[in-house]
Colleague: 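Dropping a structure here in structure tokens format, bear with me for questions.
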2 protein chains.
Amino acid sequence: MGKVADMSTPARRTGRPRSAEADRAILGATRAALVELGWGKLTMGDVAARAGVAKTTLYRRWAGKNELVVDAVAAVFDEQLEVADHGSLRADIEDVVVRFATLLERPETKTALMAVVSEATHDEALGARVRSAIVDRQKRLVLIGRQRAQLRGELPGEEDAAAAARNADLIFDVIAGSVVHRLLVSAEPVDREWACSFATLLLHGLAAAGSGAGIAPAPEPARGHDQKPAGSV
Amino acid sequence: MGKVADMSTPARRTGRPRSAEADRAILGATRAALVELGWGKLTMGDVAARAGVAKTTLYRRWAGKNELVVDAVAAVFDEQLEVADHGSLRADIEDVVVRFATLLERPETKTALMAVVSEATHDEALGARVRSAIVDRQKRLVLIGRQRAQLRGELPGEEDAAAAARNADLIFDVIAGSVVHRLLVSAEPVDREWACSFATLLLHGLAAAGSGAGIAPAPEPARGHDQKPAGSV
DNA sequence: CCGATTACGCTACGAGTCGTAGCGTAAGAG
DNA sequence: CTCTTACGCTACGACTCGTAGCGTAATCGG
């Protein structure tokens with residue numbers, strides 16, 4: 001199921017196989033523990049007890065809390081990957097926003113995602129794992145939506161492939177970031193009204209950004225890139 | 001100096017006063033420890049040692065790691081609150097984006113913010129503290145920017161005060177969320193090019209969203225096809 | 001059926017952290 | 001000077017971590 005980084009065990013043909021049911025039990029127990037305890041108080045021993053598994057079994061499969069939680073959450077994201085064609089770009093955007101918000105409102109994901117991202121700032125391998133297991137799968141939805149919109153004539157086709165990729169990344173960061181921030185930082189609901197306002201904002205931005213200029217791209221040399229870090233450490 | 005939630009100690013006129021220098025040393029040591037160790041491995045004992053302070057002193061002032069880190073990070077955000085008038089809405093947006101990104105690229109904030117937000121999903125008091133100490137101060141920049149743009153005639157004035165507030169919240173979530181996501185989740189740089197693309201997206205969205213409709217807000221459950229943007233932009 | 005191999009459950013362990021209590025001392029307030 | 005509070009220090013029980021060792025269970029190749 002999850003087990004994203006198990007490519008490293010290609011040769012294991014003999015011996016007792018690992019219990020697939022233990023995997024399910026462990027990941028489920030991890031999600032349950034996340035809901036009740038939160039990231040900070042979640043312990044490996046507790047997860048093992050809930051799963052009816054020895055603590056050592058956990059460590060045989062995952063290096064630690066971080067990796068375990070990534071896989072536990074990734075399994076949830078696997079469920080929610082389909083998105084129907086709603087006939088218009090606006091409807092598709094609103095749908096993906098509400099859908100993503102619903103996913104984030106689940107207490108398991110809510111707690112875990114931010115914690116894992118935080119840990120990933122020191123652990124590049126963990127970051128890569130998060131991106132491949134969770135982020136990239138969501139990004140696919142943006143690509144699908146754009147393709148549909150282009151077929152409908154709602155968005156202009158891309159001239160440059162590189163620019164298209166950059167644009168898709170931008171849009172994904174805007175959508176996912178806005179929803180996450182609204183929900184987890186501002187702690188306010190992503191209801192249909194908000195989704196509608198957000199979609200309106202995005203639609204106009206997209207229509208313009210795709211068709212080239214419109215508002216002057218700002219004079220470059222005007223100001224330097226330099227900030228004042230005002231170091232305090 | 002954060003100390004956001006010390007309103008609860010009004011009556012302490014007698015006795016030895018708390019060392020203000022200890023506060024500075026502790027918060028500085030916390031930031032340094034965050035850089036080196038990250039959230040996960042940061043311990044109260046370590047912070048105390050770095051600050052040259054007894055561990056008990058830490059617990060006399062903060063309930064635990066969460067509260068301590070919030071204040072330590074909030075102090076950083078205090079430094080970076082000014083924003084100059086760059087003459088155009090686009091320039092102001094790009095500036096605030098780059099500025100915010102610079103702040104988030106500092107290893108202290110990078111690590112701490114997400115971790116604290118994660119913990120806040122289980123601790124409403126902590127969430128409120130984060131919002132009042134960090135988020136709301138950033139939100140002020142959005143309000144200032146909008147006011148300037150309205151004075152310049154770049155944005156229409158608001159009819160409804162409630163709608164104006166909702167709109168400001170939306171814009172703030174979009175800006176902050178997008179930058180955070182780009183930087184911490186996608187792990188890609190917020191350079192001038194990205195800021196420019198983002199500003200373009202946002203500018204067109206703003207111009208349209210402010211002037212009322214433009215793209216039909218879509219019917220509720222049974223969504224049909226919508227017309228394309230009326231090109232008022 | 002039989003060894004070889006691997007996974008599992010269990011126990012135990014040292015190391016490290018947590019948060020608190022107790023004590024004597026330092027520093028302002030009245 | 002006395003009262004009150006903060007500080008540094010030490011020590012403590014409780015807990016978590018991650019690992020090691022052991023006997024047992026399951027599966028594969030011959």
Side-chain angles (χ1 to χ4, degrees), chain A residues 1 3 6 8-30 33-34 36-71 115 119 122-123 125-126, chain B residues 1 3 6 8-30 33-34 36-71 115 119 122-123 125-126:
Chain A
M1 322 208 70
K3 310 315 301 310
D6 261 2
S8 53
T9 51
R12 201 198 320 146
R13 48 184 103 253
T14 179
R16 176 178 177 177
R18 287 188 171 171
S19 163
E21 196 195 346
D23 264 9
R24 274 184 284 112
I26 292 171
L27 293 177
T30 303
L34 274 173
E36 289 182 28
L37 307 173
W39 168 271
K41 306 200 170 184
L42 180 143
T43 71
M44 298 294 269
D46 189 52
V47 170
R50 286 167 191 259
V53 165
K55 197 174 55 163
T56 45
T57 299
L58 277 172
Y59 283 105
R60 285 191 191 102
R61 306 183 185 204
W62 289 277
K65 211 158 89 164
N66 294 338
E67 285 76 8
L68 173 60
V69 170
V70 172
D71 283 1
E119 293 294 323
H122 304 276
D123 183 346
L126 185 65
Chain B
M1 331 171 199
K3 309 312 299 311
D6 262 3
S8 52
T9 50
R12 200 197 321 145
R13 49 183 104 253
T14 179
R16 175 179 176 176
R18 287 186 172 173
S19 162
E21 195 196 348
D23 264 9
R24 274 183 283 113
I26 292 171
L27 294 178
T30 304
L34 274 173
E36 288 182 28
L37 307 174
W39 168 270
K41 307 200 170 185
L42 181 144
T43 71
M44 298 294 269
D46 189 53
V47 171
R50 285 167 192 261
V53 165
K55 197 175 56 164
T56 44
T57 299
L58 278 173
Y59 283 104
R60 285 193 189 101
R61 306 184 184 204
W62 289 278
K65 211 157 90 165
N66 294 338
E67 285 76 8
L68 172 59
V69 170
V70 172
D71 283 1
E119 293 295 322
H122 289 277
D123 182 347
L126 186 64

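All of these numbers come straight from a predicted model, not from anything done at the bench. Lettering follows sequence order; numbering is per chain, from 1.
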Colleague: Starting at CG of A:L58 and ending at C1' of D:dC17, how long is that distance when rounded to a whole Å?
Modeller: 12 Å
Colleague: Measure CG/A:L68 against P/D:dG18 and give the value in whole Å, please.
Modeller: 11 Å
Colleague: In whole Å, what is the span from the CD atom of A:E67 to the P atom of D:dC17?
Modeller: 14 Å
Colleague: Answer yes or no: is there a side-chain heavy-atom contact under 4.5 Å between A:W62 and A:V47?
Modeller: no
Colleague: Can any side-chain N or O of B:E119 pair as donor or acceptor with the backbone N or O of B:L126 at less than 3.5 Å?
Modeller: no
Colleague: Would you state whether a donor and an acceptor, one from the side chain of A:K55 and one from the base of C:dG9, lie under 3.5 Å apart?
Modeller: no
Colleague: Can you find a side chain N or O atom of B:R16 that sits less than 4.0 Å from OP1 or OP2 on D:dT4?
Modeller: no
Colleague: Quick check on contacts: within residues 40-50 of chain B, what sits under 4.0 Å from DNA chain C by heavy-atom distance?
Modeller: B:T43, B:M44, B:G45
Colleague: Does any N or O in the side chain of B:K65 come within less than 3.5 Å of the main-chain N or O of B:L42, such that one atom is a donor and the other an acceptor?
Modeller: yes
Colleague: Over how many whole Å does the gap from A:I26 atom CD1 to C:dA7 atom C1' extend?
Modeller: 12 Å
Colleague: To the nearest 0.5 Å, tell me how far B:D123 CG sits from B:E67 CD.
Modeller: 6.5 Å
Colleague: Give me each pair satisfying salt bridge (Lys or Arg N to Asp or Glu O under 4.0 Å) with a member in residues 36-45 of chain A, each pair once, sequence neighbours excluded.
Modeller: A:E36-A:R50
Colleague: Tell me the interatomic distance from A:K65, atom NZ, to D:dT16, atom P, rounded to whole angstroms.
Modeller: 11 Å
Colleague: Counting only N and O atoms by type, is there a donor-acceptor contact under 3.5 Å from the side chain of B:T30 to the main-chain atoms of B:I26?
Modeller: yes
Colleague: Give one of base, sugar-phosphate or nothing for A:S19, where a contact means two heavy atoms less than 4.0 Å apart.
Modeller: sugar-phosphate
Colleague: B:Y59 has an atom OH; how far is it from atom P of C:dT17, in whole Å?
Modeller: 11 Å
Colleague: Just to confirm, is there a sub-4.0 Å distance from OP1 or OP2 of C:dG19 to any side-chain nitrogen or oxygen of B:T56?
Modeller: no
Colleague: Where the side chain of A:P17 is concerned, which of D:dT5, D:dT27, C:dG9 is the nearest nucleotide?
Modeller: D:dT27
Colleague: Select from B:G15 and A:G64 the residue whose nearest nucleotide in DNA chain D is closer to the 5' end of that strand.
Modeller: B:G15
Colleague: Are A:D71 and A:D23 side-chain neighbours, meaning at least one heavy-atom pair lies under 4.5 Å?
Modeller: no
Colleague: Any N or O donor-acceptor pair linking the side chain of B:R60 to the base of C:dG19 at under 3.5 Å?
Modeller: no
Colleague: Rounded to whole Å, please give me the gap between CD in B:E21 and C1' in C:dA26.
Modeller: 15 Å
